[in-house]
Amino acid sequence: MLFDPKKLLLLAGPCSLENEKVCRAAAETLVKIGKKHPELKIVFKGSFDKANRTSLGGERGPGLEEGLALLSMMKHDYGFPVVTDFHERHQAAAVAEVCDVLQIPAFLCRQTDLLLAAAATGRVVNVKKGQFLSPQEMPYTLTKLAGAAEVWQTERGSTFGYQNLVVDMRSFPLM
């Protein structure tokens with residue numbers, strides 16, 4: 001097991017990688033948390049492209065090249081393992097060169113080519129369960145990730161009507 005889930009703190013915010021100043025400020029806070037709680041393994045998460053924004057005017061992030069440079073800085077300057085999500089299979093290899101963990105967005109959790117590309121990198125893969133997917137369907141996603149160093153699953157809940165996302169705790173043992 002590469003990461004002990006009992007000792008893992010995954011910083012997974014909804015915002016994109018902003019710029020070096022913001023990343024360093026976040027890293028300095030995480031360093032303080034790490035010193036206070038040495039039992040935790042902190043993994044820095046940032047998105048180079050938030051491709052699933054509702055509005056065309058929503059912030060998307062700095063893009064692949066600049067985003068990976070920022071994540072590389074977090075890894076080398078602060079010693080954090082890093083994770084980012086990606087949206088297209090041709091991005092998998094470039095992301096795997098920098099990131100310790102590749103993340104599959106919830107909306108794309110059944111996309112065969114994307115999952116196969118992530119697994120082919122040999123990295124750890126975190127797949128977010130789509131809100132439209134039952135926990136009983138996750139094994140189909142997981143079979144597509146054979147070859148990954150390790151597979152994590154993130155429960156994103158289920159949609160009950162519009163704007164009503166509910167996490168059913170019974171999903172965890174099923175997944």
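Predicted model only: the values in this text are computed from it and were never measured.
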Check: Would Phe80 and Asp100 satisfy side-chain contact (heavy atoms from CB on, under 4.5 Å), going step by step from the backbone distance to the final call?
Finding: CA-CA 9 Å; Phe80 294 126; Asp100 303 281; over 6 Å; no
Notebook entry, point to check: Does Val98 offer a backbone N or O that forms a donor-acceptor pair with the side chain of Ser72 under 3.5 Å?
Noted result: no
Next item on the list: Taking the side chain as every heavy atom from C-beta outward, state whether Leu71 and Phe44 have any pair of such atoms under 4.5 Å apart.
Entry: yes
Item checked: Pairwise side-chain contact, Thr154 with Asn126, heavy-atom cut-off 4.5 Å (strictly under) -> yes
Item checked: Closest non-hydrogen atom pair between Ala146 and Ala119, with its separation -> O-CB, 3.4 Å
Note to self: Hydrophobic clustering (ILVMFWY, side-chain heavy atoms < 4.5 Å, transitive) - are Trp152 and Tyr140 grouped together?
What the structure shows: no
Item checked: Hphob cluster co-occupancy, Val31 + Met74, side-chain heavy atoms under 4.5 angstrom -> yes
Item checked: Closest approach of Ala94 to Leu64 (non-hydrogen atoms, all atoms of both residues) -> CB-CD2, 4.5 Å
Check: Any side-chain heavy atom of Thr84 within less than 4.5 Å of one from Gln103?
Finding: no
Next item on the list: Give the cluster check for Leu116 versus Ile104: same hydrophobic cluster or not, with ILVMFWY residues linked at side-chain heavy-atom distances below 4.5 Å.
Entry: no
Check: Just how far is it from atom CD1 of Ile33 to atom OG1 of Thr29, taken to the nearest 0.5 Å?
Finding: 6.5 Å
Notebook entry, point to check: How far does CD of Glu20 sit from CD of Glu66, to the nearest 0.5 angstrom?
Noted result: 10.0 Å
Notebook entry, point to check: So, do Val124 and Leu102 sit near enough that their side-chain heavy atoms are less than 4.5 Å apart?
Noted result: no
Next item on the list: In plain terms, say whether Glu28 and Arg24 are close enough for a salt bridge, that is, a side-chain N and a carboxylate O under 4.0 Å apart.
Entry: no
Next item on the list: State whether the number of non-hydrogen atoms from other residues, nucleotides or ligands found under 6.0 Å of Gln136 atom CD is greater than 12.
Entry: yes
Item checked: Where Cys99 and Leu68 come nearest, the two heavy atoms and their spacing -> SG-CD2, 4.3 Å
Notebook entry, point to check: How about Met138 and Leu133: do any of their side-chain heavy atoms sit closer than 4.5 Å?
Noted result: yes
Note to self: Counting C-beta onward and ignoring hydrogens, is there a side-chain heavy-atom pair between Lys45 and Val82 closer than 4.5 Å?
What the structure shows: no
Check: OG1/Thr141 to CG/Leu108 distance, rounded to the nearest 0.5 angstrom?
Finding: 11.0 Å
Check: At their closest point, which heavy atom of Ala118 faces which heavy atom of Phe86, and how far apart are they?
Finding: CB-CZ, 3.8 Å
Next item on the list: Please test Cys23 against Glu18 for side-chain contact (heavy atoms from CB on, under 4.5 Å), starting from the C-alpha separation and ending with a verdict.
Entry: CA-CA 7 Å; Cys23 287; Glu18 303 267 337; over 6 Å; no
Margin query: Nearest 0.5 angstrom please: Phe132 CZ to Phe107 CZ, how far?
Written below: 7.5 Å
Margin query: Can a donor-acceptor pair be found, under 3.5 Å and without considering hydrogens, that links the side chain of Ser47 to the backbone of Asp49?
Written below: no
Next item on the list: Taking the side chain as every heavy atom from C-beta outward, state whether Pro105 and Lys128 have any pair of such atoms under 4.5 Å apart.
Entry: no
Margin query: Looking at Glu155 and Gly157, would you say the former's side chain and the latter's main chain have a donor-acceptor pair under 3.5 Å?
Written below: yes
Next item on the list: List the steps and the verdict of side-chain contact (heavy atoms from CB on, under 4.5 Å) for Val125 and Val101.
Entry: CA-CA 5 Å; Val125 177; Val101 181; over 6 Å; no
Check: Distance from Leu115 atom CG to Gln111 atom CD, nearest 0.5 Å?
Finding: 8.0 Å
Check: Are any side-chain N or O atoms of Glu137 and backbone N or O atoms of Ser134, one a donor and one an acceptor, separated by less than 3.5 Å?
Finding: yes
Check: Looking at side-chain heavy atoms only, is the closest gap between Lys129 and Gln153 below 4.5 Å?
Finding: no
Notebook entry, point to check: Going through the distances and angles, do Val127 and Cys109 end up as a side-chain contact (heavy atoms from CB on, under 4.5 Å)?
Noted result: CA-CA 6 Å; Val127 59; Cys109 71; 3.9 Å; yes
Margin query: I'd like to know if the side chain of Arg123 and the backbone of Ala149 have a donor-acceptor N/O pair within less than 3.5 Å.
Written below: no
Next item on the list: Kindly compute the distance separating CD (Gln91) from CG (Leu114), expressed to the nearest 0.5 Å.
Entry: 8.5 Å
